[in-house]
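Presented below is the structure to which this report refers.
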Protein chains: 2
Amino acid sequence: MTLKKTDRRITRTRRMIIEAFTLLMEEKGFEAITVSDLTEKADINRGTFYQHYKDKYDLLEQSEKEIFEGLNKIVVTFWHHANYDVEKVMKVDDLLPLSIQLFEFIGENYQFMRVLLGPKGSPSFQNKLKHVIIDTLLHRFSPFLKEDHVMVPPDYLLAYISSAHLGLIQHWLESGMDRSPEEVARILSQTAIFGPVKVSGIQI
Amino acid sequence: MTLKKTDRRITRTRRMIIEAFTLLMEEKGFEAITVSDLTEKADINRGTFYQHYKDKYDLLEQSEKEIFEGLNKIVVTFWHHANYDVEKVMKVDDLLPLSIQLFEFIGENYQFMRVLLGPKGSPSFQNKLKHVIIDTLLHRFSPFLKEDHVMVPPDYLLAYISSAHLGLIQHWLESGMDRSPEEVARILSQTAIFGPVKVSGIQI
DNA sequence: TACTTATTGTTGAATAGTGAACAAAAGCTA
DNA sequence: TAGCTTTTGTTCACTATTCAACAATAAGTA
């Protein structure tokens, strides 16, 4: 079954809507935005917007979904390639390439993520992203935890790590991505080494 | 007779073509560009290009024409508003607003004009622009020349002034518009005051 | 509270752009 | 020079977007 190619007009129209959405969120905040605002800023017909999205809430939902799906796809693809087995001992540096890819993806969606995570963005986005980090990423490492080595309750550990990740991502975005994805991935890796990793018992 | 509104898709498609055209001229120079290059870079269908332009030469021609028409429109509108009469004595500062508008227009078309006037642009564009400056702008001042005060042949004067204008425009574009349209308009005005204006006999 | 303005959601006919295909021409390479 | 590859210019049926209009709803104001 061959994958049907999307008409480039659809892709283009959606990109224009997202760009307008991002600018308007920064300008006036999600709640104050109207569909008319969006279509004016995107320079498209109002009817066209309704062809793509039900309303502005649907737009937010689908936009966030795309971000989460993008992140998830990266992790799934990485895992598939890495072909990890519980028998193998995992080293922290094994995850550096994954980290870099994730930060590159975030960088590609910089404006949108920065706005969403900012003061005028979606209040629930932070929470959703945190859960994505937990479900998509951190739960994959559960099998690698040496249960008799775990010094703290796992749920607290996950809450700690995911919030730390989120905080670091937010700082990177707020400072205009002043470091490369590689650099920030290393910062994350090295910060984790002398923190959560040790308490988890994963070999360094 | 009401002015028919252009479909925004037409405007958008043409803008995308021009943007692609500008990038490719910088990248490989006009001669090396193919229509296929243009439509790939613009992300439009090849057939669509042919709906708008005959070939790449037609694209160049129409693009330049738009620039010249834009400049001309500014001058014509200014003249209309200024409502100058030969009886009135013209002062140099009277033209500052016109200068500013012209530089603003150039600024709005910065990328395209910079590339056209650059080493990989259209070799004839400089010459055409010079003639536009003469025909559109400088010839309007002929009636204000005090013939018995003119110290040099008028055709030499026009050649001097138009080249000076062009040189100043090019420098501004090449230096990435490091000064505002207002500033560069003043530079032009003040440079002219102690040069061509004096020899023309226009009151300072 | 009543009135005005702005926005919404939808509709239909028209228009612009799309993808794929084709023959011919141009450009490139051995 | 012959053969291959790329580009051109065009066509057609289909799709996405457009514009304008409309009634209903929501928001704003006096």
Side-chain angles (χ1 to χ4, degrees), chain A residues 1-66 120-123, chain B residues 1-66 120-123:
Chain A
M1 185 204 285
T2 181
L3 195 66
K4 189 104 181 254
K5 191 180 173 190
T6 306
D7 194 297
R8 74 179 97 208
R9 290 172 292 185
I10 292 179
T11 306
R12 181 184 299 135
T13 297
R14 284 189 172 167
R15 188 174 1 97
M16 296 191 301
I17 293 172
I18 301 295
E19 277 165 19
F21 191 28
T22 307
L23 286 166
L24 285 164
M25 271 200 284
E26 185 140 42
E27 191 180 305
K28 54 182 4 183
F30 177 76
E31 287 305 318
I33 293 170
T34 70
V35 171
S36 295
D37 284 337
L38 284 162
T39 57
E40 271 173 50
K41 182 74 79 176
D43 192 23
I44 63 165
N45 191 260
R46 248 182 350 99
T48 306
F49 176 89
Y50 289 108
Q51 294 258 348
H52 289 265
Y53 304 99
K54 191 169 176 300
D55 48 29
K56 71 178 190 183
Y57 302 99
D58 186 33
L59 169 59
L60 178 61
E61 210 176 304
Q62 289 199 37
S63 305
E64 292 180 339
K65 193 163 166 257
E66 270 182 50
K120 289 182 171 179
S122 167
Chain B
M1 184 206 282
T2 181
L3 196 66
K4 190 107 183 257
K5 192 180 172 190
T6 307
D7 194 297
R8 73 180 94 209
R9 291 173 291 189
I10 292 179
T11 307
R12 182 184 300 135
T13 298
R14 284 189 172 167
R15 191 177 354 100
M16 295 191 301
I17 293 172
I18 300 297
E19 278 166 17
F21 190 28
T22 307
L23 286 166
L24 285 164
M25 270 199 286
E26 187 140 42
E27 190 179 307
K28 51 177 15 181
F30 177 76
E31 287 306 317
I33 293 171
T34 69
V35 172
S36 293
D37 285 336
L38 283 162
T39 58
E40 270 172 50
K41 181 74 79 176
D43 191 24
I44 63 165
N45 191 261
R46 245 177 359 91
T48 306
F49 177 89
Y50 290 108
Q51 295 257 347
H52 290 265
Y53 303 99
K54 191 170 177 302
D55 49 29
K56 73 178 190 182
Y57 302 100
D58 186 33
L59 169 59
L60 178 60
E61 209 176 304
Q62 290 200 37
S63 304
E64 291 180 339
K65 194 163 165 259
E66 270 182 50
K120 287 182 172 179
S122 167

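The model shown is predicted, which means the values in this text are computed figures rather than measured ones. For the numbers below, each heavy atom of this structure counts, side chains included, while hydrogens, waters and symmetry mates do not. Just so we're on the same page: letters track the sequence lines, and every chain starts at 1.
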Which is true for B:Arg14 with a 4.0 Å heavy-atom rule: it touches a base, it touches only sugar-phosphate, or it touches nothing? nothing
Rounded to whole Å, CZ of B:Phe49 lies from P of C:dG19 at a distance of 17 Å
Contact check, side chains of A:His52 and A:Ile10, non-hydrogen atoms, under 4.5 Å: yes
Mind checking A:Arg8 for me? I need base, sugar-phosphate or nothing, with any heavy atom below 4.0 Å counting as a touch. sugar-phosphate
Quick check on side-chain contact (heavy atoms from CB on, under 4.5 Å): which of B:Leu60, B:Val35, B:Asp58 does B:Tyr53 satisfy it with? B:Asp58
If you pin B:Lys54 and A:Ile44 to their nearest nucleotides in DNA chain D, which one's is more 5'? B:Lys54
Please compare A:Ile33 and B:Arg12 by the position of their nearest nucleotide in DNA chain C and report the one closer to 5'. A:Ile33
Rounded off to whole Å, could you give me the CE-to-P distance for the B:Met16 and C:dG17 pair? 8 Å
Between C:dG9, C:dG17, C:dT7, spot the one nearest the side chain of A:Asp55, thanks. C:dG9
Taking only N and O in the side chain of B:Thr48, is any of them less than 4.0 Å away from OP1 or OP2 of C:dA16? no
Can you see if the side chain of A:Ser36 gets near the phosphate of C:dA6 - specifically, an N or O under 4.0 Å from OP1 or OP2? no
Between C:dG9 atom C1' and A:Lys56 atom NZ, what is the distance in whole Å? 15 Å
Rounded interatomic separation in angstrom, taking CD1 from B:Ile17 and P from C:dT18: 9 Å
Identify which nucleotide among C:dG17, D:dT8, D:dT17 has an atom closest to any side-chain atom of B:Tyr50, counting heavy atoms from C-beta outward. D:dT8
Check this one for me: any side-chain N or O of B:His52 less than 4.0 Å away from OP1 or OP2 of C:dA16? no
Presence of donor-acceptor pair under 3.5 Å, side chain of B:Asn45 and base of C:dG19: yes
Close side-chain approach of A:Gln51 and A:Asn45, heavy atoms under 4.5 Å: no
Within 6.0 Å of CD in A:Glu27, more than 12 heavy atoms from elsewhere: yes
Rounded distance in Å - CG (B:Asp58) to C1' (D:dG9): 14 Å
I'd like to check B:Thr48 versus B:Arg9 (side-chain heavy atoms, cut-off strictly below 4.5 Å). Are they in contact? no
So, A:Asp37 and A:Lys56, do they make that salt bridge, N to O below 4.0 Å? no
I'd like to know if A:Arg9 reaches the base of C:dG17 with its side chain such that a donor and an acceptor end up less than 3.5 angstrom apart. yes
By nearest-nucleotide position on DNA chain D, the 5'-leaning member of A:Asp43 and A:Arg46 is A:Asp43
Can you tell me the distance, in whole Å, between the CD1 atom of B:Ile10 and the P atom of D:dT18? 12 Å
Between atom NZ in A:Lys5 and atom P in D:dC14, what is the gap in whole Å? 19 Å
What's the closest nucleotide to the A:Gln51 side chain, out of C:dT18, D:dT17, C:dA20? D:dT17
Which whole-number value in Å describes the distance from B:Lys41 NZ to D:dT7 C1'? 18 Å
Base, sugar-phosphate, or nothing for B:Thr34, non-hydrogen atoms under 4.0 angstrom? sugar-phosphate
